Amino acid sequence: MQKILKKLTFVIAFISLSFINLYAQTPKAKRPFDAPMADVLRQNGKIYVVVLVLGIVLTGVFLYLINLDRKIKKLEKEVRG
């Protein structure tokens, strides 16, 4: 379990830091994530709903992968032993 958490922490940190680095290198006028639709969602306050749904979906995917990894390890132990 600790190995999985370490790997997950590393992946999240790597992804976060890579996006921060990309965002910091572009001038303000030409940001890669600048979209009129996002501006409208921010003005209406709906961007938080989008972020929340995205967070829930990603959390579900990560939990599914962790569960799948445990099952595969259990099957590998049964086959070996």
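This one's a predicted model, so the numbers in the text were calculated from it and none came from an experiment.
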In short, salt bridge (charged side-chain N to carboxylate O under 4.0 Å, His left out) pairs touching residues 43-64 with sequence neighbours left out are none
Indicate every side-chain donor-acceptor pair of residues 70-81 with a distance under 3.5 Å to a residue at least two apart or in another chain.
none

Linking I/L/V/M/F/W/Y whenever any side-chain heavy atoms sit under 4.5 Å apart, do L54 and V51 land together?
no
Output the rest of the hydrophobic cluster of L52: all Ile, Leu, Val, Met, Phe, Trp and Tyr residues reachable through side-chain heavy-atom contacts under 4.5 Å, sorted by chain and number.
I56
Hydrophobic cluster membership, I12 vs I66, 4.5 Å side-chain cutoff
yes
Could you list the residues that satisfy side-chain contact (heavy atoms from CB on, under 4.5 Å) with K7, not counting sequence neighbours?
none
Between V11 and L63, is there shared hydrophobic-cluster membership here, with clusters defined by ILVMFWY side-chain heavy atoms closer than 4.5 Å?
no
Set of side-chain contact (heavy atoms from CB on, under 4.5 Å) partners for L65, sequence neighbours left out:
V61
